[in-house]
Amino acid sequence: MMQQAIPSEGCHILAIETSCDETSVSIVRDGKIVLSNLVSSQIETHKAFGGVVPEVASRKHVESITLMIEEAIQESGVALEDISAIAVTQGPGLVGALLVGIMAAKSLAFVLDKPLIGTHHIAGHIYANNLTADIQYPSMALVVSGGHTELVLLQSEGQFELIGSTRDDAVGEAYDKVARALGFPYPGGPYVDNLAMEAESAVALPRVWLEADSYDFSLSGLKSAVLNVVNQKKMRGEEPMIGEIARGFQESVVEVLVEKAVRAVRQYGAKQLLLCGGVAVNRGLRANLTERCEKEQIELLIPPFEYCTDNAAMIGAAAYLKWKHSQFTTLDMKAEPSFSLEKWSVTYQPVE
């Protein structure tokens, strides 16, 4: 494997993302220009099970990964031999799903004699913002996805410090569970969001702030409060007011997310607030965060919808950070279902 420093100009990274139930391959130039970004979703397959089945997800990745690599190369217009490096999601994620992408990436890196870059999934979500804007440092990232709810400080490029995370359910998980209680199929987030945006009133539900100085989140109690409202209605023989419940739930979640994110920006002197992750497509969250940031004169970056959900372009954007510093991964790389974002940070050499 080549490990020498390589000029960043004209860098073409072939990126692979298979951490959960989307198979995606992308070609990204210089960490910002997306030449191709193919995504194959498994949502229709997993709907029948009410959630992602890891074994099924892995098999679907196996079925589509080779064809998608071929199509991504063809669509990009970049010859295979001109690819600069192979990037792949190393974690976090479902171990079986991760392994499909990792084995494909290792094979390409070995055959083409190109550097391999194991990439952190959440770093990808954060640097999806860099595909359409320029991140300024220090920045604060609010990560909201199916399995993660976090506040991450970026003091400099590729340097991650976790200052807050969920103590139980992530936002995406809570949305899916509430949707199920209201009678909607997986994935439930869009149903709850649509109901909340259309409802004229809201059921009063608690806000979980935790300790006064905490940037952590907790959603299990709110989820239980929703279930209590639904069950009480049913016990009285009444139909649950699903629109009002959805709006009350969303308002509670969004208020806590927005307030903690804005407070973190102020405390740490961040120049920007970055919204990241699949739940960043939520209209209620986007609207409230946009309004609050305008009021507070905070610059807010939100990726376009296609870069919010899992995709390989974001992996290519994050991998470019490692490329610029020639920090590559060996071929004995393993899948890391609980990969640490802070440990993945770019290592800067001390200035002599």
- [ ] For Asp176 and Pro187, indicate whether the former's side chain and the latter's backbone hold a donor-acceptor pair under 3.5 Å.
- [x] no

Open item on the list: Please list all pairs meeting salt bridge (Lys or Arg N to Asp or Glu O under 4.0 Å) that have one or both residues in residues 73-85, counting only residues at least two apart or in different chains.
Closed with: none

Open item on the list: Holding to salt bridge (Lys or Arg N to Asp or Glu O under 4.0 Å), I want the full list of residues that pass it with Asp169, two or more places apart in sequence or in another chain.
Closed with: Lys177, Lys223

Task: Reference residue Cys293; test side chain to side chain contact (heavy atoms under 4.5 Å, CB included); the match among Ile298, Ile302, Leu301 - done: Ile298

Task: Joint cluster assignment, Leu274 & Val258, ILVMFWY side-chain distance < 4.5 Å - done: no

Task: Qualifying residues under side chain to side chain contact (heavy atoms under 4.5 Å, CB included), relative to Arg283, sequence neighbours excluded - done: Asp193, Asn194, Met197

- [ ] With the side chain counted from C-beta on, respond yes when Met241 and Lys233 share a heavy-atom pair under 4.5 Å apart, and no when they do not.
- [x] yes

TODO: Give the cluster check for Leu275 versus Leu219: same hydrophobic cluster or not, with ILVMFWY residues linked at side-chain heavy-atom distances below 4.5 Å.
DONE: yes

Task: Under 3.5 Å donor-acceptor, Lys322 side chain and Thr329 backbone - done: no

Open item on the list: Strictly distance-based, threshold 3.5 Å: is any side-chain N or O of Ser145 a donor or acceptor partner for the main-chain N or O of Gly277?
Closed with: no

TODO: Can you establish whether the number of heavy atoms outside Glu306 located under 6.0 Å from its atom CD is more than 12?
DONE: yes

Open item on the list: Does any part of the side chain of Asn130, heavy atoms only, come nearer than 4.5 Å to the side chain of Tyr320, both counted from C-beta?
Closed with: no

Open item on the list: Strictly distance-based, threshold 3.5 Å: is any side-chain N or O of Ser84 a donor or acceptor partner for the main-chain N or O of His12?
Closed with: yes

Task: Residues which pass salt bridge (Lys or Arg N to Asp or Glu O under 4.0 Å) with Glu291, listed by chain and number, not counting sequence neighbours - done: none

TODO: Any pair with a residue in residues 281-305 that passes ring pair (Phe, Tyr, Trp, His ring centres under 6.0 Å), sequence neighbours left out, goes on the list, sorted by first then second residue, please.
DONE: none

- [ ] State yes or no: do Ile33 and Ile83 share one hydrophobic cluster built from I, L, V, M, F, W and Y residues joined by side-chain heavy-atom distances below 4.5 Å, directly or via other members?
- [x] yes

Open item on the list: Does any part of the side chain of Gln136, heavy atoms only, come nearer than 4.5 Å to the side chain of Glu299, both counted from C-beta?
Closed with: yes

Open item on the list: Working to the nearest 0.5 angstrom, can you tell me the gap between Leu227 CG and Leu222 CG?
Closed with: 10.0 Å

- [ ] Could you list all the ring pair (Phe, Tyr, Trp, His ring centres under 6.0 Å) pairs where at least one residue sits in residues 125-150, not counting sequence neighbours?
- [x] His121-His125

Task: Transitive ILVMFWY side-chain link Val88 to Ile86, under 4.5 Å - done: yes

- [ ] Give, for atom CD of Glu336 and atom CD of Gln90, the distance between the pair rounded to the nearest 0.5 Å.
- [x] 5.5 Å

Open item on the list: To check you understand the geometry: which heavy-atom pair defines the closest contact between Ile13 and Gly316, and what is its length?
Closed with: CD1-O, 3.9 Å

Task: Partner set under salt bridge (Lys or Arg N to Asp or Glu O under 4.0 Å) for Arg59, not counting sequence neighbours - done: Glu55

TODO: Calculate, to the nearest 0.5 Å, the distance between atoms OG and NZ belonging to Ser139 and Lys271 respectively.
DONE: 8.5 Å

Task: By side chain to side chain contact (heavy atoms under 4.5 Å, CB included) - contacts of Ser76 (at least two apart) - done: Ile27, Leu35, Ser36, Val78

- [ ] Not counting sequence neighbours, which residues clear side chain to side chain contact (heavy atoms under 4.5 Å, CB included) with Ser345? List them please.
- [x] Gln159, Phe160

- [ ] First locate atom CD1 of Ile69, then atom CD1 of Ile65, and finally report the distance between them rounded to the nearest 0.5 Å.
- [x] 4.5 Å

- [ ] Apply salt bridge (Lys or Arg N to Asp or Glu O under 4.0 Å) to the pair Lys324 and Glu157, showing each step before the final yes or no.
- [x] CA-CA 11 Å; Lys324 290 196 294 185; Glu157 186 180 69; 2.9 Å; yes

- [ ] Without swapping roles, check the side chain of His325 against the backbone of Thr347 for a donor-acceptor pair under 3.5 Å.
- [x] no

Task: Atom of Pro337, atom of Pro92 and distance for their closest heavy-atom approach - done: O-CB, 3.0 Å

Task: Given Thr23, Thr18, Asp21, the one that forms side chain to side chain donor-acceptor pair (under 3.5 Å) with His61 - done: Thr23

Open item on the list: So Arg286 and Cys308, do their side chains get closer than 4.5 Å, heavy atoms only?
Closed with: yes

Task: Note, Gln232 side chain near Glu238 side chain (heavy atom, < 4.5 Å) - done: no

- [ ] Assess whether atom NZ of Lys60 is packed by more than 12 heavy atoms of other residues, nucleotides or ligands within 6.0 Å.
- [x] no

Task: ring pair (Phe, Tyr, Trp, His ring centres under 6.0 Å): pairs with one or both residues in residues 252-272, sequence neighbours excluded - done: none

TODO: Given side-chain hydrogen bond (donor to acceptor under 3.5 Å, both in side chains), test Asn282 with Gln250 step by step and report yes or no.
DONE: CA-CA 10 Å; Asn282 182 282; Gln250 180 148 297; 3.0 Å; yes

Open item on the list: Just to verify, which of Asn311, Thr119, Thr89, Asn37 counts as forming a side chain to side chain donor-acceptor pair (under 3.5 Å) with Glu17?
Closed with: Thr89

Task: Inter- and intrachain pairs under ring pair (Phe, Tyr, Trp, His ring centres under 6.0 Å), touching residues 212-258, at least two apart - done: Tyr175-Phe249

Open item on the list: For the backbone of Val39 and the side chain of Glu22, can you confirm whether one donor and one acceptor N or O come within less than 3.5 Å of each other?
Closed with: no

Open item on the list: For the backbone of Trp209 and the side chain of Lys260, can you confirm whether one donor and one acceptor N or O come within less than 3.5 Å of each other?
Closed with: yes

- [ ] Taking all non-hydrogen atoms of both residues into account, name the closest pair between Gly147 and Ala170 and its distance.
- [x] C-CB, 3.4 Å

TODO: State, yes or no, whether a side-chain contact exists between Lys114 and Leu108 at a heavy-atom distance under 4.5 Å.
DONE: no

Task: Exercise: identify the closest heavy-atom pair between Ser26 and Val34 - done: OG-CG1, 4.0 Å

Open item on the list: If we ignore hydrogens and angles and just use 3.5 Å, is the side chain of Asp168 paired with the main-chain N or O of Ser218 as donor and acceptor?
Closed with: no

TODO: Could you pull out the closest heavy-atom pair between Leu116 and Ala109, with the gap in Å?
DONE: CB-CB, 4.1 Å

Task: For Val208 against Val256, the heavy-atom pair lying closest together - done: O-CG1, 3.7 Å

Open item on the list: Run the side chain to side chain contact (heavy atoms under 4.5 Å, CB included) test against Glu200 and tell me which residues pass, sequence neighbours left out.
Closed with: none

Task: Leu142-Leu131 co-clustered via ILVMFWY side chain contacts under 4.5 Å - done: no

Open item on the list: Can you tell me how far apart OG (Ser214) and CZ (Arg167) are? Round to the nearest 0.5 Å.
Closed with: 4.5 Å

Open item on the list: Donor-acceptor pair, distance only, cut-off 3.5 Å: does the side chain of Asp216 make one with the backbone of Ser165?
Closed with: yes

Open item on the list: Taking Gly248's backbone N and O only, do any of them form a donor-acceptor pair with Ser252's side chain (distance below 3.5 Å, no angle check)?
Closed with: no

TODO: With rounding to the nearest 0.5 Å, note down the distance linking CD in Glu161 to CD in Glu342.
DONE: 6.5 Å

Task: SB check Lys32 Asp134 (cutoff 4.0 Å) - done: yes

